[in-house]
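Take a look at the structure below.
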Amino acid sequence: MAVWSVLALLRENPEELKGHVAKRLMDTSIVDLAYQLDVEWRRLQTEINELRHKHNLITRSVAKASSEGERRLLLEEAKGLLKVIEEREARLADVEAKRFEVLNSLPNLVEDDVPVGDENASVPVEFWGVPRVWSGYLEQFRDQVERYGFKVEYELIDWKPRGHADMLEEVLMLGDTVKAGEVAGSRFYYLFDDLVWLDFALLLYAIDKLTSKGYTLVLPPYMLRYKVMRGVVDLGAFRDAIYKVEGEDLYLIATSEHSLAALYYGEEIYDDELPIKLAGISPCFRKEAGAGSRDLKGIFRVHQFHKVEQFVFSKPEDSRKMLEEIIGNAKEMFQELGLPYRIVNIASGDLGAPAAKKYDLEVWMPAQGKYREMVSASNCTDWQSYRLGIRMIRRKGMTREYVHTLNSTAIASTRTITAILENYQEPDGTVVIPKALRKYLEPFEKAPKEYVKPRTPTSKHE
RNA sequence: GCCGGGGUGGCCGAGCGGCCUAAGGCGACGGGCUUGAGACCCGUUGCCCCGUUAGGGGCGCGCGGGUUCGAAUCCCGCCCCCGGCGCCA
């Protein structure tokens, strides 16, 4: 019998569940509420089952009634019982709806090795690469490294790199967020020529990498029904991230993770078919409603971008290992792209409700003097699979459990472009193209191969 | 979008108001037989509730309502699939 781990803990040890919720800095009273509703739901169900049983016995005897009088008596009894059942059923429906809602607003459990606290409690666990650090940022660079007891070799530069937004619109002249803002709104963009080639080259690179590791390439739906979307994201995400199509029961995906998780909606997977590893490619649509004026310039935080995503359905006992695998794939890619990064173990208070543990890969941004998130890898254990009804059958014993799901960015195009624009910038504004991408540009006559050169401000774009 | 035909357990497939407690088959799992495999035989094979166990009960035939003492079966709405027509990158 498959039981969601959170529900199992709610029944066995609600106080321990409160501990998990508290780690997320959430109000723990929801656990008490969930507990009460679950108990009441079960009690009502037992009561109704007994009433229905009585009713069924009568109903079955109607056809066998020996006389018209006996028959009429039985019908009367059945009708009387129906009234009671109806009343109880109405109460059950009410309790059930509340229970469903409350259970579904419970966050996942938190893994033991997740640091506890708000976002400031997140801890870098690994640094890679030789960041280029402008002398003006040296102090804050050191702080972001040494505070956590790491020593990182760096290249000191005495010129300040231009920010990616300036590179787009003023130096390379290959982006136009002003016009996009006028016709679509802030956080939209037009990209041109070399940056478009770069976008596609990054995607191809990620696809090539993951498929060569055995991931199945998937082009998924870009919209999903409500009942599916609610299985993969929490309420906060619905509010802050998800666009709805007017007049339709359809929601734009914020990442192909959503459609990939839904690939086995309502299905059972035999344990010997696991793990199932997918590489999804899609545009991602995000409202960014909670972002305020953060990262308003440029294309770091936008309403729409392309992403290659890793998604894994895993046996429960393997999911920890799989999280290391998918963040490992991301590391490998950013190493080959030559972008210096750090891996951060995200603190409990900053985890989304679906995730039990999350690693971010943050790339050093020389013009901002900060490490910024490029990749996010989460182990959602059975949170999504419970809501989507995706179970695993163990051949041995034919027992059922919920599968575990994991997801990680491989490459998010626009963000990775911002990292390239800052990290591969020369003092004259030339951007060197990472060697790993060149083979994906080679076949195309007009695609840039080694550099993206600054343009003279005479023509807007050709 | 319109017209017609359909959706039954992991799969195939019967049933078309109460002998449905959903036949039968396949597959899977457990056991027997076997040196092993196959064949063969027996059992199990949806979800939920109560119960320590043994067991008991409820629900379930695409989804949601309705009619009825009783619905896979009748009625309504929706979703999806197949065929035809229309439209279309």
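Reckoned from all heavy atoms, side chains included, excluding hydrogens, waters and symmetry mates. Order of the sequence lines sets the chain letters (A, B, ...), proteins ahead of strands, with each chain counted from 1.
- If you measure from atom CD of A:Glu40 to atom P of B:C49, you get 15 Å, rounded to the nearest angstrom.
- Minimum atom distance to the side chain of A:Arg395 is reached by B:C29, of the listed B:C29, B:G18, B:G46.
- Between B:U8 and B:A22, the distance separating the two C1' atoms is 8 Å to the nearest Å.
- Taking atom C1' on both B:C74 and B:G10, the two are 31 Å apart, rounded to the nearest angstrom.
- Here B:C48 is the nucleotide among B:C29, B:C48, B:G46 with the atom lying nearest to any side-chain atom of A:Trp41.
- Using a 4.0 Å heavy-atom distance criterion, A:Arg99 is classed as making no nucleic acid contact.
- In summary, the side chains of A:Thr418 and A:His164 do not present any donor paired with an acceptor at a separation below 3.5 Å, with no hydrogens or angles considered.
- Only the P atoms considered, B:U53 is 37 Å distant from B:C40, to the nearest whole Å.
- A straight line from CG of A:Leu7 to C1' of B:C49 spans 13 Å, rounded to a whole angstrom.
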*asked:* With ring pair (Phe, Tyr, Trp, His ring centres under 6.0 Å) as the criterion, how do A:Tyr222 and A:Phe285 come out once you've worked through the C-alpha distance, each side chain's angles and the decisive distance to 0.1 Å?
replied: CA-CA 9 Å; A:Tyr222 299 162; A:Phe285 303 98; 7.1 Å; no
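- Remark: the separation of the C1' atoms in B:G27 and B:U21 is 24 Å, to the nearest Å.
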_Derivation and outcome, salt bridge (Lys or Arg N to Asp or Glu O under 4.0 Å), residues A:Arg99 and A:Asp38_ = CA-CA 6 Å; A:Arg99 173 184 179 269; A:Asp38 186 53; 2.9 Å; yes
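- Summarising the geometry, the separation between CD on A:Glu248 and P on B:G1 is reported as 9 Å, rounded to the nearest angstrom.
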_For Watson-Crick and G-U wobble pairs within 3.5 Å on both distances, what is RNA chain B written in dot-bracket notation, | included for inter-strand pairing?_
((((((((.[[[..)..(.....]]]((((((.......))))))(((((....)))))..[[[[[..)....]]]]])))))))....
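- Contacts between residues 45-55 of chain A and RNA chain B, defined by a heavy-atom separation below 4.0 Å, involve A:Gln45, A:Thr46, A:Asn49, A:Arg52, A:His53, A:His55, listed by number.
- The distance between atom CD1 of A:Ile390 and atom P of B:G46, rounded to the nearest whole Å, is 20 Å.
- Residue A:Arg225 places its side chain closer to B:C79 than to any other of B:C49, B:C79, B:G10.
- Distance check on atom P: B:C61 versus B:G43 gives 28 Å, rounded to whole Å.
- Seen from the ring of A:Tyr215, A:Lys213 does not count as a face-on cation partner, given the 6.0 Å and 45° thresholds.
- Geometrically, A:Arg415 does not engage A:Phe305 in a cation-pi contact defined by less than 6.0 Å to the ring centre and at most 45° from the axis.
- Spacing between atom CZ of A:Arg11 and atom C1' of B:C50 amounts to 12 Å, rounded to whole angstrom units.
- The separation between A:Ile58 atom CD1 and B:U68 atom P is 18 Å, rounded to whole Å.
- Remark: the backbone N or O of A:Glu248 is paired with a side-chain donor or acceptor of A:Lys244 at under 3.5 angstrom.
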*Verify side-chain contact (heavy atoms from CB on, under 4.5 Å) between A:Leu92 and A:Trp41, making sure each step is shown before the conclusion.*
CA-CA 7 Å; A:Leu92 179 67; A:Trp41 175 74; 3.7 Å; yes
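- Both tests pass for A:Arg395 against the ring of A:Tyr270: distance under 6.0 Å to the centre and angle within 45° of the axis.
- Checked against side-chain hydrogen bond (donor to acceptor under 3.5 Å, both in side chains), A:Lys227 has no partners two or more places apart in sequence or in another chain.
- Ring pair A:Tyr251/A:Tyr226 is tilted by interplanar angle, where 30° to 60° counts as tilted.
- Distances from the side chain of A:Arg391 to the nucleotides B:G46, B:G70, B:C48 place B:G46 closest.
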